[in-house]
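Residues: numbered from 1 along the sequence shown.
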Amino acid sequence: MKAPIYQEKATLIDGTTDDCVGFSDRLLPRAEKELGAFARAVNKLFGSAQVDQSIEDWVEEFESIDWPTGAAIPDCRRVTIVAAARLASRVEIKTEDQEKENHR
């Protein structure tokens, strides 16, 4: 038996309705696939030390998405780009700090 919240239809901004289950069935596999690929790439390129924070960044950005009207699925690739930019900023800062320490 499904939870009651998933049996209701949500009224969207444009006045149409969308079945919550149908929407999540389309969104979640895409989001999971994108996050998994991002986490594997971070691990391969930057090591496991960067994976946890990068996943947190990705999820935080995913939660802040401006959801489109209608039944459109948000673009998870944009979420990955923002999370990758955060990662680059962290890695760059560490590199600059390490260079400063090496020159002392």
S.K.: Show me the pairs that pass side chain to side chain donor-acceptor pair (under 3.5 Å) and involve residues 78-87, at least two apart or across chains.
M.R.: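 Pairs touching residues 78-87 that pass the test: Glu34-Thr80, Asp57-Arg86, Trp58-Thr80, Glu60-Arg86.
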S.K.: Between Val82 and Phe38, is there shared hydrophobic-cluster membership here, with clusters defined by ILVMFWY side-chain heavy atoms closer than 4.5 Å?
M.R.: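 Shared cluster, no.
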S.K.: Could you name each residue pair satisfying side chain to side chain donor-acceptor pair (under 3.5 Å) that touches residues 37-48, not counting sequence neighbours?
M.R.: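 Output for this query is empty, none listed.
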S.K.: Using modelled atom types only, decide if a donor and an acceptor are shared between the side chain of Ser54 and the backbone of Gln50 within a distance under 3.5 Å.
M.R.: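 Present.
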S.K.: Distance from Cys76 atom SG to Ile65 atom CD1, nearest 0.5 Å?
M.R.: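 So the gap between those two atoms works out to 5.5 Å.
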S.K.: Would a hydrophobic clustering, with Ile, Leu, Val, Met, Phe, Trp and Tyr connected at side-chain separations under 4.5 Å, put Phe46 with Ile81?
M.R.: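 Not linked; separate clusters.
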